[in-house]
Structures are given as C-alpha cells and as structure tokens.
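Each chain gets a letter, A, B and so on, in the order its sequence line appears, and its residues count up from 1. Nothing here was measured: the structure is a model prediction, and the numbers come from that model.
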There are 2 protein chains.
Amino acid sequence: MDPGERTPSVTIRDVARAAQVSPATVSRVMNRRSTVDVELARRVQQAAASLGYHPSAVAQGLARGRTELVSILVPDLGNPMFQSVLRGISRAAGVEGYRVLVTDSHEMPLEEPFLAQETRLRTDGLVLCSPRSHDQELLELAGKLEPFVLVNRHVEGLLAPMVAVDYAAGIRALVAHLAGLGHRHVAYLSGPMASVSNQERLDTLHASAEGRFELTVLECGSMHEDGYEAADRALGTGATAIIGYNDLVALGALGKFHAIGVSVPDEVSVVGFDDIAFARYASPMLTTVAVPQEALGEEAWQRLSAVLRGEEPPADVCFTPRLEVRQSTARVSR
Amino acid sequence: MDPGERTPSVTIRDVARAAQVSPATVSRVMNRRSTVDVELARRVQQAAASLGYHPSAVAQGLARGRTELVSILVPDLGNPMFQSVLRGISRAAGVEGYRVLVTDSHEMPLEEPFLAQETRLRTDGLVLCSPRSHDQELLELAGKLEPFVLVNRHVEGLLAPMVAVDYAAGIRALVAHLAGLGHRHVAYLSGPMASVSNQERLDTLHASAEGRFELTVLECGSMHEDGYEAADRALGTGATAIIGYNDLVALGALGKFHAIGVSVPDEVSVVGFDDIAFARYASPMLTTVAVPQEALGEEAWQRLSAVLRGEEPPADVCFTPRLEVRQSTARVSR
DNA sequence: TTGTATGCGTTATCAC
DNA sequence: GTGATAACGCATACAA
C-alpha cells in the first residue's frame with residue numbers, strides 16, 4: 001500500500017460513467033430528486049454501491065451554499081454545565097442532519113472574538129454559550145457572526161435570538177431559603193470576573209441580602225479546585241452558609257470540608273448553582289438551583305435552525321430556574 | 001432588512017477588483033505565498049480589510065483537498081472521561097489550526113458504524129473513542145474510515161494507530177489493594193455489555209481474584225444512576241468491597257450509601273476507574289485507577305496529525321494507569 | 001425524464 | 001512577480 005497516495009475518492013463522474021448516465025442524474029438519484037426512471041435509478045444505486053461512492057460533503061457544501069455544520073463556542077469544555085448544553089444542541093441538531101463543531105475558549109475572554117469568528121467561518125451558524133466578552137464587543141462582532149444565537153447571556157440591542165436563564169430569580173430563591181433557615185452571615189464564592197452571569201448573581205445577591213444577612217464576597221473561580229481552595233477562607237469569615245458561583249465550586253468546597261472534618265450541613269451550609277448531575281450524587285446531596293441545561297441547548301438549536309431555514313426564530317426565552325433543596329443546607333445551629 | 005437575502009459574502013474576486021489585481025494575487029497575499037510586491041500586497045490587504053473579506057473555508061477545503069477539520073466519535077458525551085479525551089484532542093488540534101467535530105453515539109453500538117462514516121465524510125480524519133462495535137465490524141469499516149486512530153481499544157489486525165490503556169494492569173492493582181486490605185468478597189458493578197473495556201476488566205478481575213476473594217458480578221451500566229441503583233444490590237451480596245465499572249458508577253454508589261446511611265469505607269469499601277475530576281472531590285475521596293485522559297486525546301491527535309501530514313505516525317502507545325488510593329477504601333472490619 | 005453547461009470560491013499550474 | 005485558466009466535486013438552471 002502506497003503511503004503517499006491521496007484519497008483516490010470516487011466522484012460523481014465515476015458513478016455516472018459506470019451507470020452510463022450523466023452526472024446530473026446521479027446527483028438526482030443521490031438526492032432523491034424529482035422523478036428519475038426507476039431503471040436508471042437502480043443502475044445508479046448499484047454503481048454507487050459497488051464503487052463505494054459517497055458524495056463529498058465539501059463539494060456539496062460549496063454547491064449548496066451550506067455545510068449542515070454549526071459551531072458552538074464555550075468558555076470551558078470541562079464544565080458539566082456547558083457539556084450539557086452541548087449535548088442538547090448536538091442531539092437536537094443531529095436529528096436534522098446537522099453536526100456540531102465545538103470550540104473551547106478556555107476561559108480566555110480575549111481570545112473569544114477571534115475564536116468565534118474563526119469557527120463561525122467554517123459552518124453555517126454559531127451558538128455562543130456564556131460569552132465572556134463585553135456587550136460592546138459582541139455588538140460590534142454581531143455582523144460577522146450571523147447567524148448566531150446567544151445562550152446564557154442577554155445583550156441589549158442585539159437582534160440575535162437569545163436563550164437565557166433568570167439567574168436573579170434563582171439567587172433570590174437561594175437567599176430566601178438560607179434566610180429562612182436562620183442564616184445571618186453568608187459568604188459568596190465568586191466566579192470569573194469576566195462572567196456576566198457571575199456579575200448578575202453578585203448584584204442580585206447584594207440587593208436581596210440587604211436586611212436579611214451579612215454578605216461576604218470572596219474571589220474564587222469556576223472550577224473544583226477554586227472551591228476547594230476557597231472553602232476554609234469562607235469559613236474563616238464567620239459565615240454559616242456558603243454560596244458557590246456554580247456547582248463545581250460548591251462541590252469543591254464540600255470536598256474540602258470533608259477533608260478537614262467540617263460537617264455539612266451541621267456546621268456550615270453549602271449551596272451551588274446549575275444542578276449538574278454530580279450535585280445529586282454528592283455527599284451530602286447538594287442543595288442548588290436547577291438550570292435546565294440540555295433544554296438550553298435544544299432551545300438554542302430551535303432558534304438557529306429556524307434562522308438557517310430562513311424562518312422567523314421563536315421568541316427569546318428565559319428559563320426560571322428551580323430551587324432544589326437537598327441535604328447540604330440546614331437550619332443554623334447558633 | 002430583507003430576511004430572505006442570502007449571505008452576500010464578499011469573494012476573492014471582489015477583493016481582486018477593488019485592489020485592481022487578479023484573484024490569484026489576492027490568494028497569494030492571503031496565504032503569504034511566494035514573493036508578492038510589497039505595494040500590491042498592501043493594496044490587497046487594505047481592500048480585503050475594508051470589504052471585510054474572509055476566505056471561504058468550504059471553497060478552500062475543496063481546492064486544497066483538506067478541511068482542517070477532524071471528527072471524534074464518543075459513546076457518551078455526558079461521561080467526564082470522554083469529555084477529557086475530547087478536550088485533549090481539541091486543544092492539541094487547535095494548536096495546529098484544526099477544529100473538532102464531535103458526535104455522540106449515545107451508547108448505541110448499532111448506530112456507531114453509520115455515525116462514524118457519516119461524520120468522517122465531513123472531515124479529514126477521525127478519532128474513534130472507545131468504539132462499542134465488534135472487532136469484525138471495525139475491520140470491515142476501516143477502509144472507509146481512514147485515516148483514523150483508535151482510542152481505548154485494541155483491534156488485532158487493524159493498521160490504524162492506537163492509543164490505549166492497560167486496563168488489566170489497573171484492575172490487578174485494584175485487586176491487590178483490596179485483597180491486601182483483607183477483603184474476601186468483592187462485587188463488580190459491570191458496565192455496558194458492548195464495552196470492550198468492561199469485558200477486559202471483567203476478565204482480568206476473574207483471573208486475578210482467583211484464590212484471593214470471592215467475586216460477584218452485577219449488571220449495572222456506565223452512569224451515575226446505574227451505580228446509585230445497583231449499590232444496595234451489591235451490598236446485599238455480602239460483599240465488603242465494591243468495584244465500579246467506572247468512577248461515575250462508583251460515585252453513584254457512594255451517593256446511595258450516603259443516602260441510606262451506610263458508612264464508606266467503614267462498612268463497605270468502594271473503588272472506581274478513570275479518576276475523573278470529581279473522584280478527588282467526592283466524600284469520601286474516591287480510591288480509583290487514574291487514567292491519563294487528556295493525554296489520551298493528545299496522543300491520539302499526534303498520530304492523526306502525522307498521518308494527515310503523510311508522515312509515519314508515532315508507535316502505538318499503551319498507558320499504564322496508576323492506582324490512586326484515597327479514602328473510600330479501608331481494611332475490612334470483620 | 002435526461003443531459004449539457006455553468007457556477008460555487010479557492011488554489012495551483014502554467015505561461016507571460 | 002503577475003495574470004489567465006483549469007481543476008476541486010457537486011447541484012441546478014436550462015435545453016432537449
């Protein structure tokens with residue numbers, strides 16, 4: 001076998017020749033177009049099969065003007081939250097024959113615009129998941145990114161379809177829950193500064209904590225290790241309850257507390273955000289705010305799909321997350 | 001804005017016209033080819049910039065004969081193990097300008113051949129991660145899948161590069177560990193029947209348990225819920241230690257034990273496989289076998305990349321996993 | 001119904 | 001150095 005040989009791909013012409021018809025007819029047969037004579041069709045089918053012919057996706061893409069590929073850009077492929085969104089999109093898109101090209105910006109906001117454009121150029125559309133870029137930047141970029149839909153982010157003045165989550169409502173539910181349990185001092189393990197959802201959670205936290213409990217904010221991050229590292233710092237503030245930026249952070253804190261012998265929820269309550277699959281199986285089971293992750297992906301696809309078909313996309317949607325009370329929170333003991 | 005308007009994309013001709021040069025020259029400038037007159041080059045650059053020109057990836061793909069896209073097929077995008085492999089590939093490929101198209105077979109072995117071919121057709125190469133198909137099927141398919149590399153699976157007679165893990169060694173380490181702790185009855189929560197790695201673990205388990213402890217095998221699965229559901233069944237067999245097919249299953253079992261008040265590792269030891277990030281942060285921290293997940297992805301890319309360049313790929317590699325003793329295992333108390 | 005011819009946007013092989 | 005021009009593989013008006 002010659003290692004240097006290039007794909008000796010069989011083309012539509014080879015099939016045409018073998019079936020003794022024109023390339024156009026082969027094309028028609030392959031695309032089940034119009035009425036092709038049954039006899040010819042069969043000849044083409046056989047020729048194609050025996051030659052092992054498969055239309056070139058690239059050539060089809062060029063000729064049709066669409067690749068049936070869409071891109072998704074996420075800040076961190078390692079985060080189960082984004083993985084679920086990806087699954088949702090991938091599954092929904094797959095049903096319509098579209099495949100997903102995924103790009104990870106590795107929580108580097110500055111790279112985002114470049115990556116978004118780059119990946120968008122290779123496909124028919126783009127899903128921007130929790131972009132960390134500033135509103136202004138997104139507004140300027142919008143033209144070169146279209147068609148695209150925004151997940152987990154609202155940008156005023158942007159005409160792209162959006163699929164969002166009412167994080168404020170989730171935070172308020174969390175605050176009410178903790179206050180109801182008698183907590184008077186709560187620590188928030190803050191997420192990435194570039195994260196708009198972190199900002200939103202922070203703002204809502206400040207607003208709704210007012211008059212209910214003292215709030216201490218600690219810079220943390222978005223990953224396991226960040227929560228693990230910040231857990232005892234949080235405890236050191238005298239807080240009786242800790243709110244993680246997301247479940248990963250909360251789970252990291254849970255791990256640390258177990259490691260240093262601090263009992264949850266007896267000595268300290270811990271809550272997260274997102275309700276990733278692991279939250280339910282943690283010990284203790286994590287109280288958190290459930291975000292419909294796969295649904296976010298599906299809804300995003302519905303909108304992108306509509307735009308790709310030239311139709312009007314469904315109206316923007318904003319999911320209201322649901323408080324999921326489990327075992328990591330309890331009435332304060334002091 | 002006319003909703004029906006198609007991408008009014010600016011082409012290489014538009015730039016050529018604006019810069020008063022031939023399309024060929026524009027192409028040369030865009031690709032930093034040969035020596036183009038500095039003055040002309042600048043004119044082209046300006047024209048391209050002011051027109052917002054970007055080469056069509058599809059057209060380039062057709063003309064160059066490569067898309068700079070590779071596919072990866074995984075059995076379950078929801079599994080952190082595969083996510084890590086994906087990350088590894090995505091990151092390594094990204095450095096060389098390649099993007100990754102991901103397809104999830106949703107643990108449906110019968111769909112795999114079709115999906116593999118389908119996704120392969122859209123890119124320059126394929127990474128088959130833990131394929132569930134039979135050896136025979138893979139051998140027959142190989143021709144239509146090339147170039148591709150195999151991760152987490154060895155198939156005799158297949159000339160595709162492979163990146164594997166010595167699961168048997170991992171299992172033996174696990175067995176030695178548990179036996180050393182005095183366990184005389186161990187239960188194995190078996191993974192998907194179609195999983196070759198499950199079969200390998202099972203075989204090695206049977207072989208190395210011989211004379212050390214009694215082994216009970218329970219059908220389970222590959223996900224959290226499966227482990228959660230099977231945990232008490234496993235305990236009911238009288239086993240003092242439980243080996244999960246993977247970390248997900250083990251973590252699920254851990255969750256169940258916590259829920260029903262069974263203390264780990266005092267009443268029962270639990271071990272997993274893979275060492276996903278959550279294993280370290282579980283309570284108790286999960287003893288498991290560490291598989292270098294991202295490295296698997298990176299190595300896979302190195303091989304695929306070499307083949308794409310027409311070079312000889314590095315030799316097949318087989319990682320030896322490392323036993324990670326943590327807190328979910330202890331000396332048997334009876 | 002079927003074939004012919006042209007276009008899709010680039011790259012690359014030639015002459016100039 | 002630079003510019004025509006022919007692929008690349010397929011889809012699709014249009015003609016027959």
Side-chain angles (χ1 to χ4, degrees), chain A residues 5-45 47-48 51-69 97 118 120-124 144, chain B residues 5-45 47-48 51-69 97 118 120-124 144:
Chain A
E5 72 179 327
R6 270 288 117 238
T7 353
S9 56
V10 22
T11 79
I12 200 171
R13 295 188 184 205
D14 301 322
V15 179
R17 204 173 310 131
Q20 313 207 53
V21 297
S22 77
T25 297
V26 176
S27 175
R28 287 192 264 263
V29 172
M30 298 306 291
N31 297 305
R32 327 195 175 300
R33 265 303 189 303
S34 68
T35 49
V36 177
D37 184 88
V38 190
E39 169 56 20
L40 277 195
R42 190 164 36 210
R43 249 164 51 202
V44 170
Q45 304 263 21
L51 289 178
Y53 169 73
H54 288 284
S56 151
V58 188
Q60 287 184 319
L62 186 58
R64 290 175 169 154
R66 66 195 154 79
T67 61
E68 304 212 307
L69 246 40
E118 208 282 334
R120 165 64 182 83
L121 250 32
R122 307 201 188 205
T123 67
D124 299 341
K144 340 192 78 170
Chain B
E5 72 178 328
R6 270 286 118 241
T7 354
S9 59
V10 21
T11 78
I12 200 171
R13 295 189 184 205
D14 301 322
V15 179
R17 203 174 310 131
Q20 313 208 51
V21 297
S22 77
T25 297
V26 177
S27 174
R28 286 192 264 263
V29 173
M30 298 306 291
N31 297 304
R32 325 196 177 301
R33 265 302 191 305
S34 70
T35 48
V36 177
D37 183 87
V38 189
E39 167 57 19
L40 277 196
R42 189 165 37 212
R43 248 165 52 202
V44 171
Q45 305 262 20
L51 289 179
Y53 169 72
H54 287 285
S56 152
V58 188
Q60 286 184 320
L62 186 57
R64 291 174 170 157
R66 64 193 155 81
T67 61
E68 305 212 307
L69 246 40
E118 208 282 334
R120 165 65 183 83
L121 251 31
R122 307 200 187 206
T123 67
D124 299 341
K144 338 192 78 168

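End-to-end axis angle of the helix from C:dG3-D:dC14 to C:dC16-D:dG1, using five pairs per end and rounding to 10°, comes to 50°.
For A:Gln60 and D:dA11, the shortest distance from a side-chain N or O to OP1 or OP2 is below 4.0 Å. A:Arg33 has a side-chain polar atom (N or O) that falls below the 4.0 Å cut-off from OP1 or OP2 of D:dT12. An OP1 or OP2 oxygen of C:dT10 is reached within less than 4.0 angstrom by no side-chain nitrogen or oxygen of B:Ser27. Contact annotation: B:Ser9 reaches the phosphate of C:dG9 (side-chain N/O to OP1 or OP2, under 4.0 Å). Contact between the side-chain N/O atoms of B:Thr25 and the OP1/OP2 oxygens of D:dT2 is not found at any separation under 4.0 Å. Using a 4.0 Å cut-off, some side-chain N or O of B:Ser22 falls inside it from OP1 or OP2 of D:dG3.
Summarising the geometry, the separation between CG on B:Leu40 and P on D:dT2 is reported as 4 Å, rounded to the nearest angstrom. Rounded to a whole Å, the CZ atom of A:Arg66 is 21 Å from the P atom of D:dG9. Taking atom CZ on B:Arg28 and atom P on C:dG9, their separation rounds to 21 Å, with Å as the unit. Atoms CZ (A:Arg122) and P (C:dG9) sit 19 Å apart, rounded to a whole Å. Counting to the nearest Å, the C1' atom of C:dG9 and the NE2 atom of B:His54 are 15 Å from each other. Separating the CG atom of B:Leu62 from the P atom of C:dC8 is a distance of 14 Å, rounded to the nearest angstrom. In this structure, B:Arg17 places its CZ atom 12 Å from P of C:dG9, rounding to the nearest Å.
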Q: Applying side-chain contact (heavy atoms from CB on, under 4.5 Å), run through B:Lys144 and B:Arg120 and close with a yes or a no.
A: CA-CA 9 Å; B:Lys144 338 192 78 168; B:Arg120 165 65 183 83; over 6 Å; no
Q) What do the steps show when you test B:Arg64 against B:Asn31 for side-chain contact (heavy atoms from CB on, under 4.5 Å), and what is the final call? A) CA-CA 12 Å; B:Arg64 291 174 170 157; B:Asn31 297 304; 2.8 Å; yes
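Looking at heavy-atom distances under 4.0 Å, B:Ser56 makes contact with sugar-phosphate atoms alone, never a base. Within the 4.0 angstrom heavy-atom criterion, only backbone atoms of the sugar-phosphate kind lie near A:Val21; the bases stay farther away.
Each of D:dC10, D:dG1, C:dT2 was ranked by its minimum atom distance to the side chain of A:Asp37; first place goes to C:dT2.
Nearer the 5' end of DNA chain D, as judged by each residue's closest nucleotide, is the contact made by B:Ala24, out of B:Ala24 and A:Pro55. Of the two residues contacting DNA chain D, namely B:Ala41 and A:Val58, the nearest-nucleotide position lying further toward the 5' end is that of B:Ala41.
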